[in-house]
Amino acid sequence: MRYIIGNWKSNQNLTESLIWLDDMISLVPRLPSDIQVILCLPFTDIASFNEKLAETNYPLSTGAQNVSHLPPGKHTGEITAMMLRELVSFCLVGHSERRRDFGETCEEVAQKAKSLLENSVTPIVCLDQPYLDEQIKTLFQFDVDVKRCFFVYEPFSAIGTGKPVDPVAANHIAHQVDFLIDANVPILYGGSVTADNAPDFVRQNQIDGLLVGTDSLRPSLFAAIINSLQ
Ligand code: PEP
């Protein structure tokens with residue numbers, strides 16, 4: 001199985017998200033059975049997007065882009081894993097933009113992953129070299145069941161810059177993650193993925209799929225990435 005995960009970040013309101021889905025269904029009426037496509041949307045879009053997915057029977061999975069590291073309680077504005085469990089099967093944690101803009105730590109990322117797993121949501125743990133070892137070590141310290149997580153190597157220099165890293169170098173890091181996790185889990189690459197370079201990444205023996213930011217926003221570009229892998 002291959003995985004293509006879209007990350008819309010803070011883009012697309014509800015109306016736009018439903019138009020995106022209509023366009024996607026007309027561009028790729030049948031998603032390939034050997035590729036699981038997961039879309040990580042803003043919280044505000046998820047419920048209605050899911051309803052439309054159910055009406056259309058379109059086999060795309062939805063994910064969130066963040067979750068609170070805190071349990072349910074007096075934390076105004078926080079979205080907990082318990083709330084997400086009714087809405088999504090996946091959730092990104094530890095994206096480098098959150099570390100940079102919100103000072104997210106390896107401990108918070110581990111708490112998020114743990115609370116997602118307690119609520120049957122699969123954490124998609126984003127990693128970059130400066131904190132890769134520390135993040136994985138912290139997951140083990142917090143008793144996170146890493147066998148139930150996805151991992152993505154996302155070099156910061158490649159995110160949104162149009163400058164992907166060399167696929168062979170990305171594969172090397174994916175092997176390092178595989179070694180540290182020591183379990184058969186999906187390991188993906190993310191950073192300036194396009195339909196032109198996608199096949200070069202998934203051709204690598206340790207890369208199971210792709211996390212796509214910019215090119216997930218336009219259905220034609222996202223569809224082209226999916227089609228490029230067939
Ligand atoms: C991302 O931020 O998760 C990402 C991969 O972005 P982009 O595809 O725009 O580099």
Asks: How long is the straight-line distance from CG of Asp145 back to CD of Glu118, given to the nearest 0.5 Å?
Replies: 11.0 Å

Asks: So, for Pro167 and Ile207, which heavy atoms are closest and what is the spacing to 0.1 Å?
Replies: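 Minimum heavy-atom separation between Pro167 and Ile207: O-CD1, 4.2 Å.
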
Asks: Hey, is the main chain of Leu53 close enough, under 3.5 Å, to the side chain of Asn57 for a donor-acceptor pair?
Replies: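 Answer holds: no.
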
Asks: For Asp128 and Pro155, which heavy atoms make the closest approach, and how far apart are they?
Replies: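 So the minimum-distance heavy-atom pair works out to OD1-CA, 3.4 Å.
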
Asks: Give, for atom CG of Asp23 and atom OG of Ser26, the distance between the pair rounded to the nearest 0.5 Å.
Replies: 5.5 Å

Asks: Calculate, to the nearest 0.5 Å, the distance between atoms CD1 and CG belonging to Ile19 and Leu21 respectively.
Replies: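 Going from the CD1 atom of Ile19 to the CG atom of Leu21 covers 11.0 Å.
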
Asks: Checking the side chain of Asn197 only, and the main-chain atoms of Thr194 only, is there a donor and an acceptor separated by less than 3.5 Å?
Replies: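 Present.
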
Asks: Please report the interatomic distance CG(Leu211) to SG(Cys126), rounded to the nearest 0.5 Å.
Replies: 6.0 Å

Asks: Quick one: does Val185's side chain get under 4.5 Å of Phe150's, heavy atoms only?
Replies: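 No, every pair of side-chain atoms sits at 4.5 Å or beyond.
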
Asks: Quick one: does Asp215's side chain have a donor or acceptor within less than 3.5 Å of a partner on Leu221's backbone?
Replies: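 Between the backbone of Leu221 and the side chain of Asp215 there is no qualifying donor-acceptor contact (under 3.5 Å).
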
Asks: Answer yes or no: is there a side-chain heavy-atom contact under 4.5 Å between Val202 and Leu210?
Replies: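 Side chain of Val202 against side chain of Leu210, heavy atoms only: contact under 4.5 Å found.
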
Asks: Is the CD atom of Glu86 crowded by more than 12 outside heavy atoms at less than 6.0 Å?
Replies: no

Asks: Quick check: closest heavy atoms across Val88 and Ala64, and the distance to 0.1 Å?
Replies: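 Minimum heavy-atom separation between Val88 and Ala64: CG1-N, 3.9 Å.
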
Asks: List the steps and the verdict of side-chain contact (heavy atoms from CB on, under 4.5 Å) for Ser115 and His69.
Replies: CA-CA 7 Å; Ser115 108; His69 64 289; over 6 Å; no

Asks: I'd like to know if the side chain of Asp208 and the backbone of Ile187 have a donor-acceptor N/O pair within less than 3.5 Å.
Replies: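 Between the backbone of Ile187 and the side chain of Asp208 there is a qualifying donor-acceptor contact (under 3.5 Å).
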
Asks: Mind checking whether Leu127 and Phe90 sit in one hydrophobic cluster, side chains of I, L, V, M, F, W, Y counted as touching below 4.5 Å?
Replies: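 Hydrophobic grouping puts Leu127 apart from Phe90.
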
Asks: Membership question, hydrophobic clusters at under 4.5 Å side-chain separation (ILVMFWY): are Ile181 and Ile124 in the same one?
Replies: no

Asks: How long is the span from the OG atom in Ser10 to the CD atom in Glu97, to the nearest 0.5 Å?
Replies: 8.5 Å

Asks: At their closest point, which heavy atom of Ser17 faces which heavy atom of Asp45, and how far apart are they?
Replies: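 Distance-wise, the nearest heavy atoms are CB-OD2, 3.5 Å.
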
Asks: Does a salt bridge link Asp22 with Lys52, judged by any charged N lying under 4.0 Å from a carboxylate O?
Replies: yes

Asks: Tell me whether Glu78 contacts the main-chain N or O of Ser68 through its side chain, where contact means a donor paired with an acceptor under 3.5 Å.
Replies: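 Side chain of Glu78 to backbone of Ser68, a donor-acceptor pair under 3.5 Å: no, none is there.
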
Asks: For Ser192 and Ala158, indicate whether the former's side chain and the latter's backbone hold a donor-acceptor pair under 3.5 Å.
Replies: yes

Asks: Report yes if the side chains of Gln12 and Phe49 come closer than 4.5 Å at any heavy-atom pair, otherwise no.
Replies: no

Asks: Do side-chain atoms of Asn7 reach the backbone of Val212 as a donor and acceptor pair under 3.5 angstrom?
Replies: no

Asks: If we ignore angles and hydrogens, is there a donor and acceptor under 3.5 Å between the side chains of Asn66 and Lys112?
Replies: yes

Asks: So, the side chain of Glu16 versus the backbone of Asn13: is there a donor-acceptor pair under 3.5 Å, distance only?
Replies: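 At least one qualifying donor-acceptor pair exists.
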
Asks: Would you say that more than 12 heavy atoms from the other residues, nucleotides or ligands in this model lie under 6.0 Å from the CZ of Arg30, or not?
Replies: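 No, CZ of Arg30 has 12 or fewer neighbouring heavy atoms, counting only those of other groups under 6.0 Å.
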
Asks: For Trp8, give me all partners under ring pair (Phe, Tyr, Trp, His ring centres under 6.0 Å), at least two apart in sequence or on another chain.
Replies: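 Trp8: ring pair (Phe, Tyr, Trp, His ring centres under 6.0 Å) contacts with Trp20.
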
Asks: What do the steps show when you test Asn119 against Leu84 for side-chain contact (heavy atoms from CB on, under 4.5 Å), and what is the final call?
Replies: CA-CA 8 Å; Asn119 285 281; Leu84 287 182; over 6 Å; no

Asks: Does any non-hydrogen side-chain atom of Val121 lie less than 4.5 Å from one of Ser89?
Replies: no

Asks: State whether Glu104 and Arg99 are salt-bridged, where the test is any N-O pair (Lys NZ or Arg NE/NH1/NH2 against Asp/Glu carboxylate O) under 4.0 Å.
Replies: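 No, no charged N to carboxylate O under 4.0 Å.
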
Asks: Would you say the side chain of Tyr3 lies within less than 4.5 Å of the side chain of Ile35, judging by non-hydrogen atoms?
Replies: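 Sidechains of Tyr3 and Ile35: no contact.
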
Asks: Count I, L, V, M, F, W, Y as connected when their side-chain heavy atoms are under 4.5 Å apart, and connections chain through other members. Are Ile5 and Val146 then in the same cluster?
Replies: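 No: no chain of side-chain contacts under 4.5 Å links Ile5 to Val146.
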
Asks: Membership question, hydrophobic clusters at under 4.5 Å side-chain separation (ILVMFWY): are Leu27 and Ile4 in the same one?
Replies: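 Yes, because Ile4 and Leu27 connect within a single hydrophobic cluster, where side-chain heavy atoms sit under 4.5 Å apart.
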
Asks: If we only count heavy atoms from C-beta on, is the Leu180 to Leu132 side-chain gap below 4.5 Å?
Replies: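 SC-SC contact between Leu180 and Leu132 confirmed.
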
Asks: Given the rule in the side-chain contact (heavy atoms from CB on, under 4.5 Å) test, do Leu60 and Leu31 qualify, once you have shown the distances and angles that lead to the verdict?
Replies: CA-CA 8 Å; Leu60 186 146; Leu31 289 172; 4.2 Å; yes

Asks: Is the side chain of Tyr189 donor-acceptor paired with the backbone N or O of Gly191 at a distance under 3.5 Å, no angle test?
Replies: yes

Asks: Any side-chain heavy atom of Val193 within less than 4.5 Å of one from Ile225?
Replies: yes

Asks: Any donor and acceptor pair, going by atom type alone, linking the side chain of Gln204 with main-chain N or O of Phe201 inside 3.5 Å?
Replies: no

Asks: Restricting to non-hydrogen atoms, name the atom on Ala223 and the atom on Val28 that form the minimum distance, rounded to 0.1 Å.
Replies: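 Nearest pair, atom of Ala223 first, then Val28: CB-CG2, 3.5 Å.
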
Asks: Which pair of non-hydrogen atoms, one from Thr80 and one from Val67, has the smallest distance, and what is that distance?
Replies: C-CG2, 3.6 Å

Asks: Output, in order, the C-alpha distance, side-chain angles, deciding distance and verdict of side-chain contact (heavy atoms from CB on, under 4.5 Å) for Asn205 and His175.
Replies: CA-CA 9 Å; Asn205 63 2; His175 272 288; 2.9 Å; yes

Asks: Set out, in order, the CA-CA distance, both residues' side-chain angles and the distance that settles side-chain hydrogen bond (donor to acceptor under 3.5 Å, both in side chains) for Glu154 and Ser96, then state yes or no.
Replies: CA-CA 8 Å; Glu154 281 221 305; Ser96 54; 5.0 Å; no

Asks: Verify the cluster assignment for Leu139 and Val93: are they in a single hydrophobic cluster under the rule of side-chain heavy atoms below 4.5 Å apart?
Replies: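 Same cluster: Leu139 reaches Val93 through Ile, Leu, Val, Met, Phe, Trp or Tyr contacts under 4.5 Å.
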
Asks: Determine whether Pro42 and Gln65 make a side-chain contact, defined as any pair of heavy atoms from C-beta on separated by less than 4.5 Å.
Replies: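 When only atoms from C-beta onward are counted, Gln65 and Pro42 do touch, with a gap below 4.5 Å.
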
Asks: Any chance you could measure His172, atom NE2, to Asp166, atom CG, to the nearest 0.5 Å?
Replies: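 Between His172 NE2 and Asp166 CG, I get 11.5 Å after rounding to 0.5 Å.
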
